[in-house]
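The structure appears right after this line, and notes come after that.
Counting convention: from 1, in listed order, for ligands and their atoms alike. Keep in mind the model is a prediction, meaning the values are calculated, not measured.
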Amino acid sequence: MKEELIRKAKESQPHLQDIRRDLHRHPETGFDLERTVEKVRQELIALGYEPRDCGKAGLVATVGGKKPGKTFLLRADMDALPLPEETGFDYASQTPGKMHGCGHDMHASMLLGAAKLLKEHESEICGTVKLMFQPAEEIFQGAKDMIDHGVLENPKPDAAMMIHVEIGCAEPLGAFLIPVPGISMASCEQYYITVKGKGGHGSTPHLAIDPITAAAQIHMALQEINSREIDGKDFGVFTTCKVRAGETSNVIPEIVEMWGTIRTVDPTGAMGDYIRKRIEEIAKGVGGALRCDVTVEFPNACPCVIVDEQVSAAAESYMSELVGAESVIRVAEASNGSEDFAFVSHDIPSVNMNLVTGSCQDGYCVGVHNPKSSFDDSVLWKGAAGYAYMAMRWLEDHRG
Ligand SMILES: [Zn+2]
Ligand SMILES: [Zn+2]
């Protein structure tokens, strides 16, 4: 099966590249993926699938079921970033201010490649493969929305895998990077602090309550948590990245707004709980002492990605079978980045893999989320084969 899968995946390469470049030219963001979803839907229908809408902009399709067995979920995301592209490629974004700078166009194309391979081998699948095409990964809401709309039910997957492309790294083109069990990616949580004082004239601060001086002291006081309260050997970090206040030079504003991000890699969630509690106590305590009303909200949260021991070991052995052990690299260190596949990984034994699509030694030194991010799409076939082989081999090994 392996040789045939690789041969067929390589045959699909020109088509996968066309799909990827078409998506790349027309990036869409968040849940607003009308064109993208339609493109993926039409490709799936052409392959003989009956894709279903799931949530605001997700698609689900299943293949297999001719032989009894378990269910394996494969996930790809489809959304781009609000980022102006500066690559100069002939297939660069034609939508100003939007770019596939995280490679989700590559993911959608690779999973469509897998869909073709799986359809061609449908009678050999020992169970069912569920394909999850999700929106809104970059805002950490798409996977959750699809879960809320039943993507993990009927049938419930027994294991799951996703691939993310990797660029700007030292590992060679086409290598699969597979995390060891435990946490592979940090949690990500937003905080939003409002400091409300009393507006007034800049010449008479004694008649106002200045929220800017209070916010400045809150900002400095919060650094105590990072530098004085968290053990240096535990990973827990947060940063206020956006502050907004005032309109002009002689008016004390009413409100200061502060937005930030919290990242942790604690499977128990205790580190996140501690940071949230202390941000709230310090912001309210310091702001209150300076006569301001402070509110603290945590509007958007994504947990850590949890890698299952058995699924991770299976991924290592299957990918070694497929592409050779020299192209499979284990990764021991958790990434500071986040990934909303985390929500799937908390329900279903999972693994997230990376496929190197641009090594620094080949000149791909810029990482993702950059206006100059570029991806070598000559290895799309490998991602497609990796997705398909992972699902088929896992189902074969776990057929009752
Ligand atoms: Zn991203
Ligand atoms: Zn991404």
Handout entry: the Zn ion (ligand 1) - closest N/O/S atom in His369
Key = NE2
Exercise for the section: Flag the pair Glu28 and Arg35 as a salt bridge only when some basic side-chain nitrogen lies within less than 4.0 angstrom of an acidic carboxylate oxygen. Expected result: no
Exercise for the section: Mind checking side chain to side chain donor-acceptor pair (under 3.5 Å) for Lys233 and listing every partner two or more places apart, or none if nothing turns up? Expected result: Asp231
Handout entry: N, O or S from His104 under 2.8 Å to the Zn ion (ligand 2)
Key = yes
Exercise for the section: Indicate whether any N or O donor in one side chain lies under 3.5 Å from an N or O acceptor in the other, for Glu171 and Asn354. Expected result: no
Handout entry: Donor-acceptor contact present, side-chain Glu316 to main-chain Ser312, <3.5 Å
Key = no
Completion exercise
Atom name of the N, O or S atom of Glu138 nearest to the Zn ion (ligand 1) is OE2
Handout entry: Metal site the Zn ion (ligand 1): N/O/S of Glu137 inside 2.8 Å
Key = no
